[in-house]
Peer 1: 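Just passing along the structure, written as structure tokens.
Remember, predicted model here, so these are calculated numbers, not experimental data. To find a chain, count down the sequence lines: A is the first, B the second, and so on, and within it residues start at 1.
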Amino acid sequence: MRVLVCVKRVPAVAGLITLTEDERAIDTKYVGFQVGPHEECAVEEAVRLVEAHGGESVVLTLGPAEALEQLREAMSIGANRAIHLVTDGADWDAESTAGAIVGAIRADEAANGPFDVVLVGNEAADSGGYQVGVRIARALGRPAVTGIKGLSVADGTARAEQEAASGRNVFEVKLPAVVAVLEGINLPRYPSVPGRLRAKSKPVASSSPDRPAQRLEMRRLVVPATEAKQAQVLGRGAEAAQAVVELLSSVGVL
Amino acid sequence: MATVLVLVTTADGAADKVALQALALGRQLADGGAVHALVIGDAAAAAELGAWGASSVHLAQHPQLDAPAPDAAARILDDLAGSLGATFVVGPGTEEGNTVLARAAARAGLPFAANCSAVTPGSPVTVTRSRWGGSLLEEAAIHADRVILTAAAHVFEAVDTGGSADVAAFTPALDDADLAVRVVGRVPAPSGGVSLSDAKVVVSGGRGAGSADGFGPVVELAGLLGAAVGCSRAVTIAGWRPHTEQVGQTGTKIAPELYIAAGVSGATQHLAGCKGAKRILAINKDPEAPIMTAADYAVIGDMAEVLPAISAAIRRARGA
């Protein structure tokens, strides 16, 4: 089985977000980088599929030179090799991102045969576009399932579960297919030290696709105005319990 | 004036709340023009939509559409947008809405803007949309003759216009390929427990719980209050609690009357999931924790001491 998993390098946003002067990016002077939670799980799922069925898992990113760090991270938990579509750091909209990925998939498949499963995060942690997976699927004429929290593959068919009101919806689609996963589909492993060492020598194929005109053109980022709340302190330690009970009672939840 | 088509998703004979909000945005964008609503399969829900601002309602009925089929919905939406000459195609900013509108955009070869909180007509149309689960906003221009977008949840107010609209039922053209992705079964939810997304009260623990065992007092207080148990991402990553309990951008977004967050620092990821709470009570050792800037009430202290004391005080109050 061949599995491709797509990841995106994003700032490890934790507290207050501050922007660069041109208001087109998050100021990352004091912030690290990571892949989003959905994609961490997508990488884990790719590695598990190959552990269960044999074959190879390939991790792909479209991002700046520094995104090599995220590719190495994925390879350190078991991805076999990487494809790096190198950008100059400019924002790419979802449509052009999907287009570049489709180009890379076609090139890899021409040499190595089809990817049975293409895994993506359900939505990117930063841009939240909800569409790269279905655009890849459409371009390649493959089925796409989204919002997936459970996946199993047997006899050329993927069974995928999606959370719905009071239960889960089950899809069955023929492979090859595109699967957009949510955090919670698994609990990703941590890389081991030998895993990290092995990742350093795994192959990375790099190319620099052209960035087309952006049809969803990001112009400016804005940190939403929130009312700066001043929490009313009910007390300290266990002694605050009575004040909490009075609060619960006054808001009608007791 | 513009011609607008709105996908109204439904469940059990009623339109989804966020879909009615999308309809309100659609009405605003039409600016006196036609507001077409598309409903897949659900005749009872379709009959209500005139009152929520639709000027005409299209009800797609097909024997294969008894179960959700997102590519089929996208094809019906795209075909109808084409035949109506719609300049805006709008859907609800939900999992279902986003996947169907994204598929319709992919089909049409057009851009798609998910989770918009403001839309300004013009050439080009500009939107404000959510990034980072709403912790950051993006202003963007959409360069396309037909603008495809979803309305961010709980931004636009559904408006009961008291109007009425004819419902035109039709049988859409569908191929086997459109039905390749279709729900073929259901796994029922485990019974018992309070649903996190609908809970009136949620009690969460964060890294401050210290261990899986540290959740004992969280579960105890939740039980006393008939509340759902929640947690932060740090907790699910550590394996202390299941991901189904995670409140956050990549977990469940909650909207309770009261949210009690104990030992939760309040990372951006977490605040994106609990900003819908009406009131927040933070219990934390650190008075400078980010959660304090989002909280209405605070207790400064160790959750391992504060939570059992609250539970004991509730028991006393009830016993009296």
Peer 1: Measuring heavy-atom distances to chain A, does L136(B) have an atom under 4.5 Å in its side chain, in its backbone, in both, or in neither?
Peer 2: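 For L136(B), heavy atoms of backbone and side chain both lie under 4.5 Å from chain A.
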Peer 1: Which atoms of T244(B) are under 4.5 Å from chain A, going by heavy atoms: the side chain, the backbone, both sets, or neither?
Peer 2: side chain
Peer 1: May I ask you to decide if S96(A)'s main-chain N or O and D93(A)'s side chain share a donor-acceptor pair within less than 3.5 Å?
Peer 2: yes
Peer 1: Who in residues 107-117 of chain B is close to chain A, using a strict under-4.5 Å heavy-atom cut-off?
Peer 2: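 So far as heavy atoms go, R107(B), G109(B), L110(B), P111(B), F112(B), A113(B), A114(B), N115(B) are the residues that approach chain A to under 4.5 Å.
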Peer 1: Suppose a student defines contact as a heavy atom less than 4.5 Å from any heavy atom of chain B. Which residues in residues 27-43 of chain A would they list?
Peer 2: P37(A), H38(A), E40(A)
Peer 1: Please classify the contact of P124(B) with chain A as side chain, backbone, both or neither, using a heavy-atom distance under 4.5 Å.
Peer 2: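 For P124(B), the contact with chain A is made by the side chain alone.
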Peer 1: Tell me, side chain or backbone of P290(B) under 4.5 Å from chain A's heavy atoms, or both, or neither?
Peer 2: neither
Peer 1: How far does CD1 of I237(B) sit from CG of L187(A), to the nearest 0.5 angstrom?
Peer 2: 6.0 Å
Peer 1: So what's closer than 4.5 Å to chain A heavy atoms on E95(B): side chain, backbone, both or neither?
Peer 2: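 Side chain only.
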Peer 1: Pick one of side chain, backbone, both or neither for A74(B), based on which atoms fall under 4.5 Å of a heavy atom in chain A.
Peer 2: neither
Peer 1: Under 4.5 Å from any heavy atom of chain A, what part of P70(B) do you find: side chain, backbone, both or neither?
Peer 2: side chain
Peer 1: With a 4.5 angstrom heavy-atom cut-off, which part of L281(B) approaches chain A: side chain, backbone, both or neither?
Peer 2: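 For L281(B), side-chain heavy atoms alone lie under 4.5 Å from chain A.
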Peer 1: Give, as side chain, backbone, both or neither, the part of Q246(B) having an atom under 4.5 angstrom from any heavy atom of chain A.
Peer 2: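 Only the side chain of Q246(B) comes within 4.5 Å of chain A.
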Peer 1: Name the region of S311(B), side chain, backbone, both or neither, that has any atom closer than 4.5 Å to a heavy atom of chain A.
Peer 2: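 No part of it gets close to chain A.
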Peer 1: Identify which part of V201(B) has an atom lying under 4.5 Å from any heavy atom of chain A, answering side chain, backbone, both or neither.
Peer 2: side chain
Peer 1: Heavy-atom pairs under 4.5 Å with chain B - which of L16(A), D91(A), L182(A) has more of them than the others?
Peer 2: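 Top option by heavy-atom pairs under 4.5 Å: D91(A).
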Peer 1: How would you list all residue pairs meeting side-chain hydrogen bond (donor to acceptor under 3.5 Å, both in side chains) that involve residues 284-309 of chain B, not counting sequence neighbours?
Peer 2: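 Sorted pair list: K229(A)-D296(B).
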Peer 1: For chain B, find its close neighbours in residues 244-254 of chain A: heavy-atom separation under 4.5 Å, sorted by number, or none.
Peer 2: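 Residues V244(A), V245(A), L247(A), L248(A), V251(A), G252(A), V253(A), L254(A) are the ones that qualify, each having a heavy atom under 4.5 Å from chain B.
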